[in-house]
Amino acid sequence: NAGVTQTPKFQVLKTGQSMTLQCAQDMNHEYMSWYRQDPGMGLRLIHYSVGAGITDQGEVPNGYNVSRSTTEDFPLRLLSAAPSQTSVYFCASSPSGGPQAGELFFGEGSRLTVL
Amino acid sequence: AQSVTQLDSQVPVFEEAPVELRCNYSSSVSVYLFWYVQYPNQGLQLLLKYLSGSTLVKGINGFEAEFNKSQTSFHLRKPSVHISDTAEYFCAFSGNTPLVFGKGTRLSVIA
């Protein structure tokens, strides 16, 4: 069972570079989301999607773009990396929105360092 | 504004002792409450949830939590912890917004 797959697991970038964090799920989940985890800050929502073609901003969307062209994939793009984006990023999915959107299935995380 | 507060950032406890991890929330609408656990270098996994019905909910690994609407709390408890329970625990809720997480409580079980 693959579940939620994130790639890459580790990445080092220089300030100003761009990159895409990939997220794929094979559970046919409608709801997908991206969080970042920083020490002492818990998890903060970056962007989320309630279905293909629909995306919305979370608490900390600045500097990030997303798209949802298929049910399975939800890539996160960093347009011009900054040291403040050094973090661990988690992709998570859920069968649907509403209360069930709290029952998230998480990937293993992508650790990003921006120099 | 909706928010969730975990009152302790770190909780050390001896093996086989009971533990309570505290969580309070603030919301003007009905909420759905969750506890997640994160083991080192892993993603989060759902421990238990409260959506409706009985206010005492049981989860995996012997954990339980009680929803207290009057005190706006959802504390997590385990009567006897094991070394393997060492992890970070996150309280979270969703109301009319996507899931909001607390800042986490690091549980350290001491042999």
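A note on names: the letters A, B, ... follow the listed sequences, proteins ahead of strands, and every chain is numbered from 1.
A donor and an acceptor atom, one from each side chain of A:Ser67 and A:Asn65, are nowhere located under 3.5 Å apart. Residues A:Gln37 and B:Gln38 have side chains that bring a donor and an acceptor to within less than 3.5 angstrom of each other.
Using a 4.5 Å cut-off between heavy atoms, A:Gln6 does not touch chain B at all. Residue contact with chain B, scored on non-hydrogen atoms closer than 4.5 Å, involves the backbone and the side chain of A:Leu43 alike. Proximity to chain A is absent for every atom of B:Gln6, based on heavy atoms less than 4.5 angstrom apart. Within the 4.5 angstrom heavy-atom criterion, no atom of A:Phe105 approaches chain B.
Using cut-offs of 30° and 60° for the angle between ring planes, the B:Phe63 and B:Tyr89 rings count as tilted. Relative ring orientation between A:Tyr35 and A:Phe106 is described as tilted, the plane-to-plane angle lying within the 30° to 60° band.
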